[in-house]
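Below is one structure, written out as structure tokens, with a few remarks after it.
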Amino acid sequence: MNLYAQFSAPGFLHGHSEWPAGMHALMGPSGSGKTTLLRSLAGLGSTLATIGLKDSIWQGPSHDFLPAYLRPLAYVPQRPSLIPFRTIGQQIRWIQPDSTVPLVTPPGLALSDFWDRLPHTLSGGQQQQIALVRALATTQPVLLLDESLSQVDHIQRQRIMHWLFETRPASWILFSTHQLSEALTFSDTVTIIYEGKVFPTRTPEDCLIHPDTPETARLLGYCGSFALDNCHHLLIHPDYLLIGAFPDKGEVLEADVTSIPGPSPLERTWRAVYHNQVVQWRAPHAARETTAQALTLLRAPIVSFTLNDH
Amino acid sequence: MNLYAQFSAPGFLHGHSEWPAGMHALMGPSGSGKTTLLRSLAGLGSTLATIGLKDSIWQGPSHDFLPAYLRPLAYVPQRPSLIPFRTIGQQIRWIQPDSTVPLVTPPGLALSDFWDRLPHTLSGGQQQQIALVRALATTQPVLLLDESLSQVDHIQRQRIMHWLFETRPASWILFSTHQLSEALTFSDTVTIIYEGKVFPTRTPEDCLIHPDTPETARLLGYCGSFALDNCHHLLIHPDYLLIGAFPDKGEVLEADVTSIPGPSPLERTWRAVYHNQVVQWRAPHAARETTAQALTLLRAPIVSFTLNDH
Amino acid sequence: GVLAGCGTSSVAPSQTPVHVAYAGSLQLLNNNILGPTFHKLTGIPFQGQGGGSFGIAHEIAQGSIPANVFESIGDAPIQLLTPQKTTWALAIAASPLVIAYNPHSPFAATFRQIQDGQKPFSDVFALLAQPGFKLGRTNPNTDPQGQAFVMMIELAQKQYHLNPQIVHNILGPIDSGSEIYTEEGVLSLLQSGGLDASSAFLSEAVERHLDYIALPPSLNFADPQDAATYASAQVKLTNGKVITGAPLTVDVTTIGRPPSTQAVRFITFLLSKRGQTAWTKNGYTVFPPQVVGHVSEIPSPIRKMLSHA
Amino acid sequence: MLRRAGTAVTAVVILVTVIPIAVLITQGAPKFGQALSAPGAGHALAVTVESGSLALLVIFILGLPTAYYLRYIRSPAFKRFVAVVLVLALLMPPLVLGLVLAYVLAPATASGAILSQWQAASNSFPALTLAEVYEALPYFVLTAWSAISAIPKAWEEDAWALHKSPWQTFRFVLWPASRPGLVTATALAWARIVGAFGAPVVVAYHPTALPVQIWITLEEAGLPQALSLALWLVLVGLPLPGFLTWRQG
Amino acid sequence: MLRRAGTAVTAVVILVTVIPIAVLITQGAPKFGQALSAPGAGHALAVTVESGSLALLVIFILGLPTAYYLRYIRSPAFKRFVAVVLVLALLMPPLVLGLVLAYVLAPATASGAILSQWQAASNSFPALTLAEVYEALPYFVLTAWSAISAIPKAWEEDAWALHKSPWQTFRFVLWPASRPGLVTATALAWARIVGAFGAPVVVAYHPTALPVQIWITLEEAGLPQALSLALWLVLVGLPLPGFLTWRQG
Ligand SMILES: [Mg+2]
Ligand SMILES: [Mg+2]
Ligand SMILES: [Mg+2]
């Protein structure tokens, strides 16, 4: 069995999720309930949910509440969480007192540079990386990361996520993120949360192919839709389309496609008009043609909702 | 004259920068000094720097230190900064007591939903947005934003940055970010900071065309280089290249180009080999061809340093 | 090791101590002379406890002080303990009332002249009545000395035919006012320079090495032979009670019925020659013990000594 | 386990603390009504309330700015110096404080001379108030300082960087944040003030405040009357700290 | 401007606080050496140190778990109840506390009877220690509670969510975070203990602790000797809170 959670009224969250051993992304807009979910799992939230791992039930209506410190997990909150008056070394050694066991640390982080420093002397991103190291030092099987690299620079962030994904320092890694590519690249499954609703956990591919609602579709990078008829809409994803007609590559849509450079020097904004319906997206600046009469869709889910521009 | 800052030893930062009225991005790896710079400007940092706005000198070796609260600015720090025991409404009304003056708020934020709530009931991203609103309510000409939307979801973050860039609610907006596209899209100039060195402020275009060091090149998205001779290297940017030979579009490089899907379902990883030198990058999944014998570079700065893979 | 050495001795470590409660002014005499001497003579450890006479009496009545012997100034506090704790008392000594003065006061020179006899004694009252003179006395409501001082001024006015107004000029309101201090506080203020003069017992003045003006027997409330003179003065307390003048005797009694043997031993020691000498050496006048209350109830060892005396 | 031990110890503390209060109430209740009609008692109550309020005011005027000021002191040496001075003042037993104040108020000294010009230096309302201030001030400053310095510096900086002056920041951020600590400090100070006995009994027997009056009553009328008056003292003292701690919940 | 006013007021507070200390030192110094050789004085000093240490230990044993336990109480009603009980205890003037304790310890009561079985209920070392505990406990608990409840709950939760037990969290996070507040609480409690006079003078005249001995000395030998002994008291009391506050800087 798996790590699972079942939320019901009157809590803010509702829905049910289950995560097999692996690395799992949580996605959702700000305030949708990602932190609430992770805190519940950690034993710091509502006592209403039913939560358990394999055969052991951590909490539930007819079960005692297993306190946070007895759950086999480590949780890195979203806000700064290092102990302000302890040096980095002291905090890590506290978690893992046996100094003969080498610490599991992600690449690109010279722990020795920080060892004797107090948290407030570190940058926000450095503090977040140390908080991750400290959580890893628990060697618990479940690792919960709440936007825990949000202030780390892009290159190092990629490096750490990649390392987590490859080496799997914990059997279950759940991380929340606002970066789509991170969620899809470094996860076995993705759980989408929207306004308290926890959507079923699926593989990244599955998520992309079957977006449940307009909101989840937006989260997944879909930039608009073309109505085929009243209840069939073709979702457009900028990363799965080619400018021009390439029937061997996918479905060709006769649309009027134009582009202009910008908004950033790296990008080009595209605009496709199909039966008076407009979809806009951005793509890298370089393009073979900047206008076309057709669009080739490599993967275009047909859904029952429209994804109009706001 | 402009907003300017001059840093010198023994402070951590060194260098000199000047920002005309406008919106300016600060970029740099975690711990490079972005927060230190912004705090110095805000009057919360070292007294060693020389800082001023137009004709008024805020601090300098032969000048009194103008305290933070006398500088015409609002600063939103990186960490949560809402007052924990005051409701959102109280905090905003404190900053702007005249309730007849409408508040300047970015789109997509229903302030009334939060008005009577305490900060801890909000998600991290919501708190960050409120902190921005609170800073805007000061109506000061200088607005300093330190990664202040790092926990806001991508869509809303784009929306707010776009709104800031279009409406310019403050004459000077300086923001630090780890997102390259954000830095280049929503800024008049970009200031790069690396290990305490403040590089000259330049337009985003300029920055892209003249990366100063391997590190700044990486920050700007360059993914590798091909050596032309001992001291001339061609920098490769994934957003400025086309797969195949298109002499009318740019410089054609005879390279062996291959690709594989991944690492995320949205992406494809490309690999180009030129004279035994390898460069790798990622691009959207869709591609007309997945292999080629040439690469067309739309813009390829020739620099004196190499950008090898780590 | 905390309790060791607390009044016990090598003679009889297990002996029950005698617990003597006494008026605060009897502190030094009891603690430093009577107690140690008694212990040396009898092997009975001595425990002393001081406080305001009435306060101590109330506490004894309440049972919160485990006293065997009570030494009071005047017999009024002892009346509070009859008949539950005792039915008799012995007046055994008296300490003359004096006027202690501050040698650094602006009035000190005049005091010194009166002390040396260069000026007549009666001048002291005019001095006390001077505007701006800071006199300290104790509360007549709670302290026999405070009562005696008021009556002393009244008696002096009559004896020296002073202006009747002088009583008010010296004392102000009898039972309240800014002249009144605690027994502990009044001499401290005098010593610290806060007062020009203060009422005191001769014993206190001797112990603290104070400069003082001795009063004639007719005013010092220490001579039983002048009891009739003292009785001609009265003081009305705040609660309406009227106190008639009487010698400020040290009255002693045992506490508890029947009294403990240690208590009886201690009283007999007080009446012994060594005891009497100690009193005299410390500024007290000793006289043949006068019985207050039921003579028949006095334990026989004590009664025997009375008949010898 | 830890929690159960905590519950047990807390129960013991509450029990231990309640016993004397309960005894005071049961013993003081019978003569509670008459206690105030005894000569001097009503006046003593008024004196305590008046001098106590004034003393608390003085303590606020002196202690609050000091406690806040000390928050901004960076020099550890100066902080240590102030801490040790306050601890010395704290350690001064009230009776000794009274004796020392007797020196300070003596006309021979400058302070005493100045005070004498205007009113009697000892046994006067100012002397009583002064004694109360001295008994309570170190308790107030130490507790308030400790509470105020625990408030994160960042809260203030965040407000300054929003163009708010130190005074505005004080009112909106620092003051409410320090209120719980100040409530405790005020409760301690008020308790020291209304219970002040050692110093007033030496330098301010008159005007007689309640604690001294209780002692006088004890000597005059015995324990039951004294306990009734003591109950009055506790009840008179309670509203201020009671209200403050109650509001805080 | 604000800062200058703060400096001025702080200077006044330091001056006001230093005056009595200076007076005590100058007046107490001349007979400082002899003061301890007076009969009873040395013993009183030992009694104060011994009973005071024991009282402080009891206060730690009772007060620390209580202060921490109260941090976890959610019910505002219970918190208010405890706060008001502690404030009532705080308001009990020491002399009244002594009288009430005398009543509790009287052999007629259950507690007194039990205590008497083993040792004299009043005028004994346990009675002295008990009186000291009663004088200091509410000061300690209120100050410690106030300091401990100001520590962010998140610090603990973060540690629990790193698989650290409440006890481990207490030792590594909560204890060091509460130390500054506990130092203040300990300083206040220690000051109350070594200066305890009102309660001991009623229930524990013997064995005589220093404050009572000072009073006895005052009656026996007068002000200079008493002040010398008082200086001893202050010096004996200083090391503990002095060391604690010094370390903290
Ligand atoms: Mg968020
Ligand atoms: Mg969140
Ligand atoms: Mg930073």
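Chain A is the first sequence line, chain B the second, and so forth, proteins listed ahead of strands; every chain is numbered from 1.
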Please flag which part of [X] lies under 4.5 Å from any non-hydrogen atom of chain D: side chain, backbone, both or neither.
{"X": "E/Leu95", "value": "side chain"}
{"X": "E/Ile193", "value": "neither"}
{"X": "E/Leu233", "value": "side chain"}
{"X": "E/Val82", "value": "side chain"}
{"X": "E/Val12", "value": "side chain"}
{"X": "E/Ser149", "value": "neither"}
{"X": "E/Ala147", "value": "neither"}

Count the heavy-atom pairs under 4.5 Å between each of [options] and chain D, then report the option with the highest count.
{"options": "E/Val85, E/Ile73, E/Leu64", "value": "E/Val85"}
{"options": "E/Pro211, E/Ala83, E/Pro20", "value": "E/Pro20"}
{"options": "E/Val18, E/Leu223, E/Ile151, E/Val194", "value": "E/Leu223"}
{"options": "E/Thr10, E/Val141, E/Leu218", "value": "E/Thr10"}
{"options": "E/Leu188, E/Ile14, E/Thr17", "value": "E/Leu188"}

Among [options], single out the residue with the greatest number of heavy-atom pairs under 4.5 Å to chain E.
{"options": "D/Val84, D/Leu70, D/Thr143, D/Leu88", "value": "D/Leu88"}
{"options": "D/Ile21, D/Val87, D/Leu142, D/Val234", "value": "D/Ile21"}
{"options": "D/Leu231, D/Thr7, D/Ile19, D/Leu86", "value": "D/Thr7"}
{"options": "D/Ala226, D/Gly195, D/Gly242, D/Ser146", "value": "D/Ser146"}

Is it the backbone or the side chain of [X] that comes under 4.5 Å from a heavy atom of chain E, or both, or neither?
{"X": "D/Phe170", "value": "neither"}
{"X": "D/Leu97", "value": "side chain"}
{"X": "D/Ile61", "value": "backbone"}
{"X": "D/Leu90", "value": "both"}
{"X": "D/Ala150", "value": "neither"}
{"X": "D/Tyr68", "value": "neither"}

> Rounded to the nearest 0.5 Å, how far apart are CG of E/Leu99 and CG of D/Leu24?
Replying inline: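 Answer rounded to 0.5 Å: 9.5 Å.
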
Should [X] and [Y] count as side-chain neighbours, where that means a heavy-atom distance under 4.5 Å?
{"X": "E/Val9", "Y": "D/Tyr69", "value": "no"}
{"X": "E/Tyr103", "Y": "D/Leu227", "value": "no"}
{"X": "D/Trp145", "Y": "E/Thr184", "value": "no"}

> Quick check: does any side chain N or O of D/Tyr134 sit under 3.5 Å from a backbone N or O of E/Val16, one acting as donor and the other as acceptor?
Replying inline: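 Checked: pair present.
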
>> Restricting to non-hydrogen atoms, name the atom on D/Pro241 and the atom on E/Leu91 that form the minimum distance, rounded to 0.1 Å.
In response: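 Where D/Pro241 meets E/Leu91 most closely, the heavy atoms are CG-CD1, 4.3 Å.
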
